[in-house]
Amino acid sequence: MSANVLVVGSANLDFIIKVGVPPRPGQTVLAKQMVRHPGGKGANQAVAAARMGADVQFVGCVGDDADGERVLRDLRAEGIDMSMVEIVANVHTGLALVSVFDSGENSITVVPGANFALRPERVRRAVASSAGTRTVLVLQAEVRPAVAEAAVAEASLVPGTRVVLNLAPYVPASAEVLAACDPLVLNQSEAADLVGYPVPDPAAARRALVDIAPSVRSVVITLGGDGAVWAQGSASGLVPAPAVSAVVDSTGAGDAFVGALAAELAHDDSLERAVEVGVRAGSFAVERFGAQSSYPMRSQLEAFSGGPVA
Ligand code: RIB
């Protein structure tokens, strides 16, 4: 059996604005710089997995415009199979307005565009066609909720499919979708939305793990500079993050984590090892500007911290 990563989700063009501090309501501020880069949580995770050496297929939609052409060209150049991507007429490609502040933090507004044209039938076909391979199916929440529901339902019919759901941005998910997650990946804000109380630190994240664990096969909460916590059955742990020289831009660091984790799970069942690789990839990404532009090749990650990646 070959080991594959099938990413179903969004592809955007990111308009990344560098600005000192977030404007207050009613305030106008001048940006220092604006650049355009391919982004979108789905596409970012596909790139992160491909750079770690996984065979990656992406399923999504772009518009019939110049942004869509660029997104397709860049993802193909990463070696990602784009044969299940639909080019939708008369709809613009998804776009994101990303503000990066001097602190390295960011705020993001997504205009879904063609991402909301992705239909459950296309996703079911893609999942069904992975039969006979060991596949990690990666989902996020920048497409319509019916897409994740269809993907999870089809995955239950295809032996050897492992579902990774990154519930970003947070939307309520059905009990059936949550029950399939192995793991469900959340950041602190998404975990807080799910459990209904703040998750400001590792202690609160461990409490959230306990509350979430009965609903899922496994769960991971990413904690930025504190690494990530995970739980699977009766096992759980904290994976600390390696030291970084500077937080330049955290945009897409969570996607670096998810993509690298999925690539690792595609050939090794150990959730703990996959979380370790994901934490390293996320830490690598925050030292660099942009989302996809900040993701490591496997050899770069090995040189960055922790030695060989299995
Ligand atoms: O997670 C970062 C991504 O969120 C950006 O690339 C942007 O497109 C939004 O989807």
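Side-chain atoms are counted along with the backbone in the values below, which use heavy atoms only and exclude waters and symmetry mates. We count ligands from 1, going down the list as the structure has it; atoms in each ligand are counted the same way.
Every salt bridge (charged side-chain N to carboxylate O under 4.0 Å, His left out) that Arg119 has, sequence neighbours left out, goes to Glu86.
In the model, Ser83 has a side-chain atom that pairs as donor or acceptor with a side-chain atom of Asp81 under 3.5 Å. Checking Ser270 against Glu272 by side-chain atom types alone, no donor-acceptor pair falls below 3.5 Å.
Look at Asp201 and Arg206 and you find no salt bridge, because none of the NZ, NE, NH1 or NH2 atoms lies under 4.0 Å from a carboxylate O. One finds a salt bridge joining Asp269 and Arg134 here, because a Lys/Arg side-chain nitrogen approaches an Asp/Glu carboxylate oxygen to under 4.0 Å.
For ligand 1, the 4.0 Å heavy-atom shell takes in Asn12, Asp14, Gly39, Gly40, Lys41, Asn44, Ala96, Ile108, Val110, Glu142, Gly252, Asp255, ordered by chain and residue number.
No cation-pi contact links Arg280 to Phe257, judged by a cut-off of 6.0 Å to the six-membered ring centre and 45° from its axis.
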